[in-house]
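In what follows, chains carry the letters A, B, and so on, assigned in the order in which the sequence lines appear, proteins first and then strands, with residues in each chain numbered from 1.
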Number of protein chains: 2
Amino acid sequence: MATRLSDVAARAGVSVKTVSNVINDYPHITSHTRAKVQAAIDALDYKPNVSARSLRKGRSDFIALAIPEMASPYFAELGAAISRAAKKRGITVLIDQTEGEAAAEKFILDGMRGQLIDGIIFSPITTAPARIGAADTAKPLLLLGERHAGGNLDHVAVDSVQASFDATTHLISLGRRRIAAIGVGGGAGTGSVRRRGYRKALKAAGIEHDPALELAGTGYHREDGAASMRDLLALPEPPDAVFCFNDLLALGALRTLADAGLSVPGDVAVVGFDDIEDGRFHSPSLTTISPDKEWLAENAVAVLLDRISGSGEADRRDLIVPYTLKIRESTSG
Amino acid sequence: MATRLSDVAARAGVSVKTVSNVINDYPHITSHTRAKVQAAIDALDYKPNVSARSLRKGRSDFIALAIPEMASPYFAELGAAISRAAKKRGITVLIDQTEGEAAAEKFILDGMRGQLIDGIIFSPITTAPARIGAADTAKPLLLLGERHAGGNLDHVAVDSVQASFDATTHLISLGRRRIAAIGVGGGAGTGSVRRRGYRKALKAAGIEHDPALELAGTGYHREDGAASMRDLLALPEPPDAVFCFNDLLALGALRTLADAGLSVPGDVAVVGFDDIEDGRFHSPSLTTISPDKEWLAENAVAVLLDRISGSGEADRRDLIVPYTLKIRESTSG
DNA sequence: CTGAAAGCGCTTACAG
DNA sequence: CTGAAAGCGCTTACAG
């Protein structure tokens, strides 16, 4: 039998209300009483029952982070940052892997596990934007990733169009003209939004975009990047630069280029997106769009908690994550 | 106001007990009753209150996974596997990052967050083995990583001595004689246990171990491996092979070797430990000890759940994770 | 097979 | 500043 609040009260010789007050740091308690209660808590090694508290208060101080896969470095790094940001505020993060499955994402959108969690930070990949916008969860839901169509949900994301424009423009500034894009088929709008920035940059430079240089691939992993790069090299006129829509794709592309005996950036310059640690240590190190993940984490958590406590603004928040283009060896070897 | 069990009962025209029976799949319910109740659940979009259930049953179907850092690829991959294994059994995993902080690890050992979680899978790194063995948590605790001294806790780990012996022996079989080790100062016994296997292999081959070739470093990340490799190359007589105690160290070492213009494995052969995806795509791809992470995850979850339900054996379980040595380009280019 | 009632351990009006 | 009591939403003996 675990120690209960009433045991502590009995031992300290006060009412349960007083013990509860001490635990929850309510004011107007004499330091003498506080010390007495604290001594009883220590002596009995009392730990509050979270379920009971949560049942009574209707708040658990748990939030969920729903991401496609935690083994993907970008999401792992993001999860670590969000978990840290939440912990600072006394909140525990529960990580849910959707694995991009529609059913798992629907589960999130349906409000997840009943009353246990206070809110959700959700990075969708499969569900159509329209359906996300229509989600009517009992608990606050904050969206990560490309901007969704309509809906009234809080949202935190990089300006992907602008970032992709910058990445492509960097390649153009290097004198490259046959610039490929890998990942145009990416989920949750990522592929199409980043392609928009890519095409915009080409157009601004007076380069016509060549559909043969836009590869969709089947996913956003290293193997997809490697395969797409192989396709590109098989072209009658291969590219002299590649903008990969995430770092994993870029790392896979680099592997294919190494296998083919091509030099980077000499023969082909490569840019990624995400700035995962892997790319910083790779040789050649990877030029990439680096979103400020700490900023993202801090703000996503803050906005969600505002919403949970009801102290947030009534209208939906739309936060743009700052980013920088990190120029490394893969474009300036 | 959320829908309650009693609302469903009222609508279905049955008692709450019956609804509860349906939800919990108890037998002896006519299919007619079941259908009626299910219709009411659907109509009201009822979701059980997890806190209330957990308070009453003393079980939450939540377990915690406490790891040093989720952004580290090995732990990210492990976390993904454990999360999947638990989900199959209807259990949700809550990930806790200790960041190797003693206070955070103490929090785990003290039983964590009261009654909310049913058990803990813990990968310690800072806390001394003796103190871990002495842990007396209210909830079942299963240990990951090097075997701890004494104690009565369930434990799942690779036989690191044997695996390190194999890795080193592989290097010797390649004709290498000046074989360095990076990571001998690793936490939670990892460094010393793997060094034991490394030295054993040298000895078995009649090679005297050279303390100058055993590097401690300050951590197990890429930058530590890169720094250690620089130290090694500065030696009057640099090594012709390196066994790194994890893949991140090896990836860092490869970066330093590339910078130095040395060929791998021509000049220096490199072996890692963990088999993270990064190493498989790196060029050269990384030879490494590959623990079966799926096996580890399945068994860790199964043993912990046995312990939670009390159906496990009384005495402590000590499971050895199968592994293979994956020979890749960094030793056979 | 089903119903009425107690109780899991908290927090919070309501009194004093 | 503190006490006695109700109630959060479930599950589970206990009866029938």
Please report the distance, rounded to the nearest Å, between [atom1] in [X] and [atom2] in [N].
| X | N | atom1 | atom2 | result |
| --- | --- | --- | --- | --- |
| A/Arg59 | C/dC10 | CZ | C1' | 16 Å |
| B/Asp7 | D/dG9 | CG | P | 9 Å |
| B/Asp118 | C/dC8 | CG | C1' | 15 Å |
| B/Leu44 | D/dG9 | CG | P | 14 Å |
| A/Asp61 | C/dC10 | CG | P | 15 Å |
| B/Leu55 | D/dG9 | CG | P | 12 Å |
| B/Arg34 | C/dT2 | CZ | P | 10 Å |
| A/His32 | D/dC1 | NE2 | P | 14 Å |

CD of A/Glu99 to CD1 of A/Ile67: how many Å apart, nearest 0.5 Å?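 Going from the CD atom of A/Glu99 to the CD1 atom of A/Ile67 covers 10.5 Å.
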
Using the salt bridge (charged side-chain N to carboxylate O under 4.0 Å, His left out) rule, collect all pairs that involve residues 12-22 of chain B, keeping only residues at least two apart or in two chains.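 Output for this query is empty, none listed.
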
Could you write out DNA chain C as dot-bracket? Rules: Watson-Crick or G-U wobble, both distances under 3.5 Å, brackets [ ] for crossings, | for pairs with another strand, dot for unpaired. |||.||||||||.|||

Who passes salt bridge (charged side-chain N to carboxylate O under 4.0 Å, His left out) against B/Arg89, sequence neighbours left out?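 For B/Arg89 the salt bridge (charged side-chain N to carboxylate O under 4.0 Å, His left out) partners, ignoring immediate neighbours, are B/Glu298.
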
For A/Lys36, which residues count as a salt bridge (charged side-chain N to carboxylate O under 4.0 Å, His left out) partner, sequence neighbours excluded?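 Here no residue qualifies.
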
Could you tell me which residues satisfy side chain to side chain contact (heavy atoms under 4.5 Å, CB included) with B/Ala297, sequence neighbours excluded, listed by chain and number?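 Only B/Ala81, B/Ile82, B/Ala85 meet the side chain to side chain contact (heavy atoms under 4.5 Å, CB included) criterion with B/Ala297.
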
Below 4.0 angstrom from OP1 or OP2 of D/dG3, is there any side-chain N or O of A/Ser15?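 Yes, A/Ser15 has a side-chain N/O under 4.0 Å of OP1/OP2 on D/dG3.
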
Is the phosphate of C/dG3 approached by B/Thr18 (side-chain N or O, under 4.0 Å from OP1 or OP2)?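 For C/dG3, OP1 or OP2 has a side-chain N or O of B/Thr18 closer than 4.0 Å.
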
Would you check if B/Lys293 and B/Tyr74 make a side-chain contact, meaning some heavy-atom pair closer than 4.5 Å?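 Yes, close enough: below the 4.5 Å cut-off.
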
Electrostatic pair B/Asp154:B/Arg307 at N-O distance under 4.0 angstrom: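 Answer for the salt bridge query: yes.
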
Go along nucleotides 11-16 of chain D 5' to 3' and tag each nucleotide: B for a protein heavy atom under 4.0 Å from its base, S when only backbone or sugar atoms are that close, - otherwise. BBB---

For the P atoms, the ones on C/dA4 and on C/dC8, what distance do you get once it is rounded to whole angstrom?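 Result for the P pair: 22 Å, nearest Å.
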
Assess, by modelled atom type and distance only, whether the side chains of B/Ser15 and B/Thr18 contain a donor and an acceptor separated by less than 3.5 Å.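 A pair is found: one side chain offers a donor N or O, the other an acceptor, under 3.5 Å apart.
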
Name the nucleic acid region contacted by B/Thr33, choosing base, sugar-phosphate or nothing; use a 4.0 angstrom heavy-atom cut-off, strictly under.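 If one applies the 4.0 Å heavy-atom cut-off, B/Thr33 turns out to touch the sugar-phosphate alone, with no base involved.
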
Can you list the steps and then say if A/Ser54 with B/Ser51 is a side chain to side chain donor-acceptor pair (under 3.5 Å)? CA-CA 6 Å; A/Ser54 151; B/Ser51 298; 2.5 Å; yes

